[in-house]
There are 2 protein chains.
Amino acid sequence: MSAAGPRPVSIFDVAKLAGVSHQTVSRVINDAPMVADATRARVKAAIADLGYRPNRSARALAGGAVRSVTVLTTDTSLYGTAETLRGIEDAARAAGFSVLISVMDPDQDYSEADILGRLSHDGAAAIVIAHDEVTTYAMRVLHERQPGTTVATGGEHLGNGDRDADWLISLDDRTVAARATRYLLDMGHRTVHYLAIPGKASRRTGWAEALAAAGITAPEAVDSGWSVAAAAEAATGLVADPAVTAILCGNDDLAFGVLHAAHRAGRSVPGDLSVVGFDDYPLAAYHVPPLTTVDLDFRGVGRGAFDLLRYKLEGGSDPRPSWRSPELVVRETSGPPRQ
Amino acid sequence: MSAAGPRPVSIFDVAKLAGVSHQTVSRVINDAPMVADATRARVKAAIADLGYRPNRSARALAGGAVRSVTVLTTDTSLYGTAETLRGIEDAARAAGFSVLISVMDPDQDYSEADILGRLSHDGAAAIVIAHDEVTTYAMRVLHERQPGTTVATGGEHLGNGDRDADWLISLDDRTVAARATRYLLDMGHRTVHYLAIPGKASRRTGWAEALAAAGITAPEAVDSGWSVAAAAEAATGLVADPAVTAILCGNDDLAFGVLHAAHRAGRSVPGDLSVVGFDDYPLAAYHVPPLTTVDLDFRGVGRGAFDLLRYKLEGGSDPRPSWRSPELVVRETSGPPRQ
DNA sequence: GTGAAAGCGCTAACAC
DNA sequence: GTGTTAGCGCTTTCAC
């Protein structure tokens, strides 16, 4: 069952074959200058011959550049998380970093030690994709214990205003939630209901603020879980009420759930009911009818998070935000209310 | 910009504080026997006091148990991949393994060295989620070079029959594709068309075989890309043809694309056209109308892949398959053809 | 039970 | 340009 095999080839084997010292081999594999071209060629040949591959553990131990990031998150199959992860990966790969992913259980209680223990070593570079209590806690702990090597994305700001800008990247979903709410109001809806997703407080805030700004008392937000099924369930009361003509949803899964519930309740969309989602899943544009929603550039944010981390780690030029701002995408699940 | 900080606490610091040798500390953190209870307690206290955390690189270098897996794949945001990854993570986490993920570019050409170089060291444990050319190649290379530490999932069998069973885990989508085809035929459709997803040859094969078994000459399969958009585009010809009454799709995204195209073409589902997907996305059941599709237990397969890997690495009891078999889930996008 | 010595594969710092 | 030496933090093996 065990897979021992012969001892893997090391830097010394290469050195011997090439007739140089192991240090020269090290120089070659690290593209260091100060190696004669002829020597370099000889070493490279030996490397190819032997199929030598550097051992990252040894490299890390010896104090070489680390070139790896640990991503902490709770659910890699959620659209937003998956896309953010994708963005991180893309950027990390391009920079020659490897990415470790550490998935936490949203229903478990973690200690500081639990969280720190997920890193491969003390002070290891980390990116937290924060979108719930557990990951928000992880983000706090890591930022406090190792601010120089931690970056987070998606999390709500810690209330430090701009001081968070050097480690926390987030999309301004609050403003765009307000924008979406106003859009519905402007079409003539008397109010807008909100189907809330756990954690994303800023979306709810934006919605409430837009209502307040219009002089409307916000109806009670309805809480839903993350899944389409939970949303369909949570929205049954809402869709059954003829007075409800517009619903803003915490994300597209919830919107799909609402659409399903509305269909079952015999309410037509957008005739009887306008539904607006959040996230712009790839499917949203191809749904029947196509879903009005908010485009959120998760992948861009993931890339941005990695760029920022790398800047903290290695310096270089200040990375400039490279992600799209959230934007309302009006499609066919929204319209003016029926007279 | 740099994040130096004080030297992290090592095993020696703990040893000193606890008044023992570093070796004893090593024993304690590895739960080795042969340590007096009093000593153990003292060491544990020192560990907590100092906030000591073992360095995984050092551990790996020194020949300790590795406890990490590298997952190779191309697209972490595809449903099947994301779910498989999730299954691997769940199982890995439960077993105390950390998971590294290495994303490859589906459009790039890789050499053997490129692939081997993605592992943290020679012979590092790897799981390949194979679903396209690049990952299939990676799976071949790794299996050939380090069969004892490689497991793959999703890939088509290499034609070795049962000999692949100890490293390749795949769902039998061929049989269930045939089953889905027969289901449509049995309802009275004269033939079934197939919208093909790249790579998944066994699904196409199952479809073709079922048709052949019914004495029907298979129509030309229509190739689509992975995205909903590509599918909607690819299916325009199909949905425009009134002779086409049933379409089996390579996955649910493609099915959603077909549904979209059908709607645009003014064909009703399932009245004019039956559509069957593959994968059973969470959304499928809540789509309007709910999508007939095939349930594929990716998460179970991911878990199974990890269990198998661990068995290869550490022995123990032979892991038994723990995933659900693929099954056709009939919902509301399929029915008998109109007379 | 516990400690001392050696070494994993590599890079850093220094010599030449 | 290149080689030598000394660790990185840990686990192993072998003493006691």
Side-chain angles (χ1 to χ4, degrees), chain A residues 2 4-44 46-47 50-68 117 119-124, chain B residues 2 4-44 46-47 50-68 117 119-124:
Chain A
S2 252
R7 203 175 105 299
V9 357
S10 84
I11 206 175
F12 286 91
D13 302 317
V14 175
K16 194 160 150 203
L17 180 62
V20 296
S21 79
H22 76 277
Q23 185 47 243
T24 299
V25 177
S26 170
R27 287 188 183 104
V28 170
I29 61 183
N30 287 295
D31 276 324
M34 305 282 104
V35 180
D37 284 355
T39 316
R40 189 181 297 274
R42 209 142 28 87
V43 171
K44 286 201 163 164
I47 287 176
L50 262 30
Y52 164 77
R53 287 172 309 117
N55 180 316
R56 292 188 203 188
S57 296
R59 213 172 232 191
L61 228 207
V66 189
R67 320 237 104 207
S68 85
L119 304 188
S120 60
H121 60 92
D122 210 9
Chain B
S2 251
R7 206 177 102 298
V9 358
S10 85
I11 205 174
F12 286 91
D13 302 317
V14 175
K16 195 162 148 201
L17 180 62
V20 297
S21 78
H22 76 278
Q23 184 43 242
T24 300
V25 177
S26 171
R27 286 189 184 105
V28 171
I29 61 184
N30 288 296
D31 276 325
M34 303 285 106
V35 180
D37 284 355
T39 316
R40 187 181 297 273
R42 209 143 28 86
V43 171
K44 287 201 162 162
I47 288 177
L50 264 29
Y52 164 76
R53 289 174 306 115
N55 181 315
R56 293 190 202 183
S57 296
R59 213 173 233 189
L61 229 208
V66 191
R67 318 235 105 209
S68 86
L119 305 187
S120 61
H121 60 93
D122 210 10

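Both backbone and side-chain heavy atoms feed into the values below; hydrogens, waters and symmetry mates do not.
- Within a heavy-atom distance below 4.0 Å of DNA chain D, the residues of residues 16-27 of chain B found are B:H22, B:Q23, B:S26.
- In this view, A:L61 and B:A58, B:L61 satisfy the side-chain contact (heavy atoms from CB on, under 4.5 Å) rule, not counting sequence neighbours.
- For A:R53, the side chain to side chain donor-acceptor pair (under 3.5 Å) test picks out B:D122, with sequence neighbours left out.
- Identified under the salt bridge (Lys or Arg N to Asp or Glu O under 4.0 Å) test for residues 9-29 of chain B, with sequence neighbours left out: B:R7-B:D13.
- Atom CZ of A:R53 and atom P of C:dG9 are 13 Å apart (whole Å).
- Taking the nucleotide of DNA chain C with the nearest heavy atom to each of A:A58 and A:G63, the more 5' of the two is matched to A:A58.
- What separates CD1 of A:I11 from P of C:dG7 is a distance of 18 Å, to the nearest Å.
- Partners of B:A46 according to the side-chain contact (heavy atoms from CB on, under 4.5 Å) rule, which considers only residues two or more places apart in sequence or in another chain, are B:V14, B:L17, B:A18.
- Rounded to an integer number of Å, the gap from CG of B:D122 to P of C:dC10 is 10 Å.
- Remark: A:M34, A:V35, A:A36, A:T39 in residues 32-42 of chain A come within less than 4.0 Å of DNA chain D through at least one heavy atom.
- The stretch residues 13-40 of chain B participates, sequence neighbours left out, in these ring-ring contact (aromatic ring centres under 6.0 Å, His included) pairs: B:F12-B:H22.
- Applying the salt bridge (Lys or Arg N to Asp or Glu O under 4.0 Å) definition to pairs two or more places apart or across chains, none involves residues 28-41 of chain B.
- In this structure, the CG atom of A:N30 is 13 Å from the C1' atom of C:dG9, given to the nearest Å.
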Quiz item: In dot-bracket form, how is DNA chain D paired, counting a Watson-Crick or G-U wobble pair only if both its distances are under 3.5 Å and using | for bases paired to another strand?
Solution: ||||.|||||||||||
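- Annotation: side-chain contact (heavy atoms from CB on, under 4.5 Å) contacts of A:S26 (sequence neighbours excluded): A:I11, A:Q23, A:N30.
- On the nucleic acid side, DNA chain D has its first and last nucleotide under 4.0 Å of a heavy atom of chain B at D:dG9 to D:dT12, going 5' to 3'.
- Among all heavy-atom pairs drawn from B:A60 and A:S57, the shortest one is CB-OG, 3.5 Å.
- Rounded to a whole Å, the CZ atom of A:R67 is 15 Å from the C1' atom of C:dT11.
- Taking all atoms of both residues into account, the shortest heavy-atom contact from A:L50 to A:V9 is O-CG1, 3.5 Å.
- Every side chain to side chain donor-acceptor pair (under 3.5 Å) that A:R67 has, sequence neighbours left out, goes to A:E314.
- Between A:T24 and A:R42 there is no side-chain heavy-atom pair separated by less than 4.5 Å.
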